[in-house]
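These notes are about the structure you will find just below.
As the structure lists them, so they are numbered: ligands from 1, and atoms in each ligand from 1. Note that these values count all heavy atoms, side chains included, but never hydrogens, waters or copies made by symmetry. Residues take their numbers from the sequence shown, with the count starting at 1.
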Amino acid sequence: MSNQWSKKQEAWSARFNEPMSELVKRYTASVFFDKRLAEFDIQGSLAHATMLAEAGVIAASDLQAIQNGMSQILSEIKAGQFTWQLDLEDVHLNIERRLTELVGDAGKRLHTGRSRNDQVATDIRLFLRHEVDRIQGLLKVLIKALITVAERNHDTVMPGFTHLQVAQPVTFGHHLLAYAEMFERDLERMHDCRKRINRLPLGAAALAGTTFPINRNRTAELLEFDAPTRNSLDSVSDRDFAIEFCSASSILMMHVSRLSEELIIWMSQRYAFIDLPDRFCTGSSIMPQKKNPDVPELARGKTGRVYGHLMGLLTLMKGQPLAYNKDNQEDKEPLFDTVDTVVDTLTIFAEMVEGIQVKADNMRAATLEGYATATDLADALVKRGMPFRDAHEAVARAVRYCDTQQCGLEALTVAQLQEALKLTELGYSDDLVNQELCAVLTLEGSLQARNHIGGTNPGQVMAAAAAARQRLGL
Ligand code: ARG
């Protein structure tokens, strides 16, 4: 084995007269976080070597040696036996050095027609493509959980709120399917983002391309990229795909955070709409009675760090001239943390959502508290010929009447409703008020009446759930 590396460890060492201080080494190194890319780095190197051999740039025997060496390195890494060295700066140089140790000159030929600049851009894309596929799978599991609980509660009445004031009756199933819609849009965004991740930068080399007769289409094919990137300068400097991913993740976490906020509110004693399984909650070290919704609270909190990573990456890129700059090394930690936060959150939420325990009686009682069917009454008067503004005014009077009587609209008799609406004062006959009109004031009547696409009618909720299952193959 011929190992011609100079005594100094660095790959570029001959140019330099003095060694780096330990602090500068640590400051510039990325190996302790980018070693996470090792598997993808090897995958990219094997495709590059295969292409080089096919193009006659390296010998078939070199390719064979590289393949053997890489397979050993992969097992060493998987077994936790690989020695990562700070002196070797990053994942790329660590693996290349080990390869050369194992197979000699063939290892030193691997970097022909390539730079760490196009290499790292390729690694991150391979990594992110893998993670985006995983996240799409997890989103589907969460959506499925929401649909399952929605179906179970397709006719469970709860107050629908605007301004956090009781507005109109809805079903809990309908409410949950609103979140299924949000997460389905997130799925679309991930899918769309994947298209721009899935391009091969390898071949751009340092920035200007290479003098070797490379076949970028072949490397793209080997790595299952849709196509090579089109401009070498852009290839090594572009991190749009990472920013897009963090943007899609931020929107996703915003949805998680809104759901969390509702779960927290619903679980408080003031609402008591739901309970969450104990395994997603914790107690208090001082108050023995406490059961706190820690998981949703943490998810709401972790949303902040994902937004932060988006801002971090945008700021990282904003001042960079073409092409590659070392600034780019700072792209990895925010990206990794975004992936980890999203993956963990989705995994936990899918299970937690399935475990929501619904307190249907409390939801119903709360719906009866806020005159939730007042709009139904106004609509019914309109159907009897009254212009909507007059109907609105009459019902507002009825609500004030109920306020003084301390009762709900649905509790009024025909005579009381006539007295409450005071239709004659507005120039209409009291005959408009009969038993049939009283019937529209029930919660079930209100739900049933909203029977159209996107409405809260229990049948529509079941249909929406079935359509979502069909669309997503769930
Ligand atoms: N560790 C580097 C990064 O993450 C790899 C590319 C280094 N390229 C260079 N010319 N120093 O960006």
Problem set entry | Carboxylate-amine/guanidinium contact Asp226 Arg129, below 4.0 Å | no
Exercise. Does the N or O separation between Tyr324 and ligand 1 drop below 3.5 Å for any pair?
Worked result: yes
For this session: State whether Phe336 and Arg36 meet the cation-pi test: NZ (Lys) or CZ (Arg) under 6.0 Å from the six-membered ring centroid, and within 45° of the perpendicular axis.
Result: yes
Problem set entry | Carboxylate-amine/guanidinium proximity below 4.0 Å for Arg189 and Asp192 | no
Exercise. How close does the nearest protein non-hydrogen atom get to atom 4 (O) of ligand 1, and which residue and atom is it?
Worked result: Lys332 NZ, 2.5 Å
Exercise. Just which atoms of ligand 1 are under 4.0 Å from any heavy atom in Ser30?
Worked result: 1 (N)
For this session: Measure the acute angle between the ring planes of Phe273 and Tyr271, then classify it against the limits of 30° and 60° as parallel, tilted or perpendicular.
Result: perpendicular
For this session: Specify whether His130 and Phe40 have parallel, tilted or perpendicular ring planes, treating 30° as the upper limit for parallel and 60° as the lower limit for perpendicular.
Result: tilted
Seminar exercise, completed: Ranked by distance from atom 5 (C) of ligand 1, the top protein heavy atom is Asp90 OD2, 3.5 Å
Exercise. Do any N or O atoms from the side chain of Asp118 and from the backbone of Ala205 form a donor-acceptor pair under 3.5 angstrom?
Worked result: yes
For this session: Considering heavy atoms of the protein only, find what lies nearest to atom 2 (C) of ligand 1 and give residue, atom and distance to 0.1 Å.
Result: Gln329 OE1, 3.3 Å
Exercise. At a non-hydrogen distance cut-off of under 4.0 Å, which region of Gln119 contacts ligand 1 (side chain, backbone, both, or neither)?
Worked result: neither
Exercise. Which protein non-hydrogen atom lies closest to atom 10 (N) of ligand 1, naming both residue and atom, and how far is it?
Worked result: Asn117 OD1, 3.1 Å
Exercise. What is the closest protein heavy atom to atom 11 (N) of ligand 1, and at what distance does it sit?
Worked result: Arg116 NH2, 3.6 Å
